[in-house]
Amino acid sequence: MKTILLKFAGPMQSWGTDSHFETRHTDLYPSKSAAIGLIGAALGIRRDDDIKELVDIKFAVRVDQEGSLLKDYHIARKYKTSGDIEGTYVTERYYLEDAVFVVAISHEDDNLIEKIYEALKRPYFQMFLGRRSIPVLADFILGNFDVDIRAALEKCEWQAKDYYKRRYNKSQKTLDVYCDKGVFDNADREILRQDKVISFSKKNRQFSFRYEDHAKIYVKNSIFEDEDTNHNIFDLVGE
């Protein structure tokens, strides 16, 4: 079994699963439907195309760096055919600031995973982190590994930024993982989430509910391995 690891990081992200009308919420971590949509864009799948091939993909997301919630004051306008403004209204759009996630994608069909991996490296359509204004970063792809999701996430280094790692003065950090049922056998609770995609069609967009598990994983805090934390104040005095 092969597993692709992706890093979702950047100044802003947005992962809404229950947004309606003028209020566009974001979840606190990426949804499976968003990951499938991103993969579909890379493969060149259009909104009205069949996505059955991607629905059975195994999915997990590791929260490497929790983001801060941002509310954007946003104005939208509707114009007449003459070009005059017909109306103006305020929308509320929420984002995650400075968050880092490691997303794992796997499937029993290794050929499908290889196909997805090549498409992610050379995408047909531009890939975004939840909104069209937020493209993926250059270090978006972490690699394709010949192990299952759990093994890949356990071996993957902590992707948080250095300033975030310095907040924790321990050599090991516990991270949250949200995944498809059965991916982790030590899951401690079950969550119902409305992000099982049925159709991305603009005219008939449909999502249903799926169960996902919550588990924890341990990673090394490499910031203390790379730095000398032994300090002698008398070294500043000199001879």
Side-chain angles (χ1 to χ4, degrees), residues 1-9 13-19 25-39 54-69 94-108 113 129-130 142-161 163-198 207-225:
M1 179 177 286
K2 292 180 178 292
T3 299
I4 299 171
L5 293 185
L6 306 173
K7 183 167 75 170
F8 289 7
Q13 306 178 41
S14 187
W15 309 107
T17 57
D18 63 348
S19 298
H25 294 290
T26 178
D27 293 350
L28 298 180
Y29 56 93
S31 62
K32 182 176 182 177
S33 57
I36 290 177
L38 184 146
I39 292 170
L54 304 180
V55 173
D56 294 330
I57 285 174
K58 291 294 184 182
F59 167 84
V61 53
R62 192 181 77 182
V63 183
D64 281 40
Q65 181 172 317
E66 296 178 353
S68 301
L69 193 63
Y94 292 85
Y95 300 86
L96 288 177
E97 289 184 296
D98 207 26
V100 180
F101 307 99
V102 175
V103 171
I105 301 296
S106 185
H107 197 277
E108 294 179 356
I113 292 298
L129 298 179
L142 296 176
N144 187 12
F145 306 92
D146 290 317
V147 293
D148 60 19
I149 286 179
R150 179 169 182 171
L153 289 178
E154 288 177 341
K155 292 179 180 179
C156 180
E157 293 183 2
W158 191 13
Q159 298 297 312
K161 297 178 181 178
Y163 84 85
Y164 190 85
K165 293 179 180 178
R166 289 192 180 96
R167 295 179 180 178
Y168 305 93
N169 57 357
K170 296 182 179 180
S171 61
Q172 197 174 58
K173 179 73 170 67
T174 305
L175 302 179
D176 291 310
V177 176
Y178 300 91
C179 59
D180 285 331
K181 288 184 62 61
V183 173
F184 277 69
D185 54 15
N186 63 337
D188 56 17
R189 72 175 184 270
E190 191 176 66
I191 303 167
L192 187 63
R193 199 175 186 197
Q194 191 176 6
D195 74 329
K196 181 178 180 180
V197 59
I198 298 174
F207 300 89
S208 63
F209 289 91
R210 55 178 275 270
Y211 285 99
E212 68 178 12
D213 288 341
H214 170 266
K216 293 185 180 297
I217 205 169
Y218 299 95
V219 294
K220 290 183 179 180
N221 191 352
S222 60
I223 199 71
F224 296 107
E225 297 177 0

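Positions are given from 1 along the sequence.
- A salt bridge is absent between K7 and D64: the closest approach of a Lys/Arg side-chain nitrogen to an acidic carboxylate oxygen does not fall below 4.0 angstrom.
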Intermediate values then yes/no, side chain to side chain contact (heavy atoms under 4.5 Å, CB included), V63 and L175: CA-CA 6 Å; V63 183; L175 302 179; 5.9 Å; no
List the atom pairs, donor and acceptor, that lie under 3.5 Å between side-chain atoms in residues 96-103 and the rest of the protein, sequence neighbours left out.
residue : atom : partner : partner atom : Å
D98     : OD1  : K161    : NZ           : 2.7
D98     : OD2  : Q65     : NE2          : 3.4
D98     : OD2  : Y163    : OH           : 2.2

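- Legend: residues meeting side-chain hydrogen bond (donor to acceptor under 3.5 Å, both in side chains) with D213, ordered by chain and number and at least two apart, are absent.
- Contact record, W15 with T26: N-OG1, 2.8 Å, taken as the closest heavy-atom pair.
- Under 3.5 Å, the side chains of D176 and H214 contain a donor-acceptor pair of N or O atoms.
- When side chains are defined from C-beta on, D56 counts as touching H107, because their heavy atoms get closer than 4.5 Å.
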Just do the side chain to side chain contact (heavy atoms under 4.5 Å, CB included) check on E66 and Y164 with the steps written out, would you? CA-CA 9 Å; E66 296 178 353; Y164 190 85; 4.1 Å; yes
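- With Q13 as reference, F8 is the one residue of Y95, Y29, F8 to meet the side chain to side chain contact (heavy atoms under 4.5 Å, CB included) rule.
- Closest non-hydrogen pair, P30 versus R193, comes out as O-NH1, 3.2 Å.
- Residues Y168 and N221 come closest through the heavy atom pair O-ND2, 3.0 Å.
- Looking at V177 and V183, their side chains never come closer than 4.5 Å, going by heavy atoms from C-beta outward.
- Smallest separation of non-hydrogen atoms from D195 and S31: OD2-CB, 3.3 Å.
- The salt bridge (Lys or Arg N to Asp or Glu O under 4.0 Å) test applied to E154 returns R150, not counting sequence neighbours.
- In terms of heavy-atom proximity, I149 sits nearest to F59 at CD1-N, 4.0 Å.
- Listed for the S171 side chain is no donor-acceptor partner under 3.5 Å among the backbone atoms of K220.
- Atom CG in D27 sits 13.5 Å away from atom OH in Y94 (nearest 0.5 Å).
- Judged purely by atom type and a 3.5 angstrom limit, S106 uses its side chain to pair as donor or acceptor with the backbone of K2.
- At a threshold of 4.0 Å, the pair K32-D180 counts as salt-bridged, since one of the basic side-chain nitrogens sits closer than that to a carboxylate oxygen.
- Without hydrogens or angle criteria, R62 side chain to C156 main chain gives a donor-acceptor distance under 3.5 Å.
- Contact record, W158 with K165: O-NZ, 3.2 Å, taken as the closest heavy-atom pair.
- The backbone N or O of V147 sits less than 3.5 Å from a side-chain atom of T3, completing a donor-acceptor pair.
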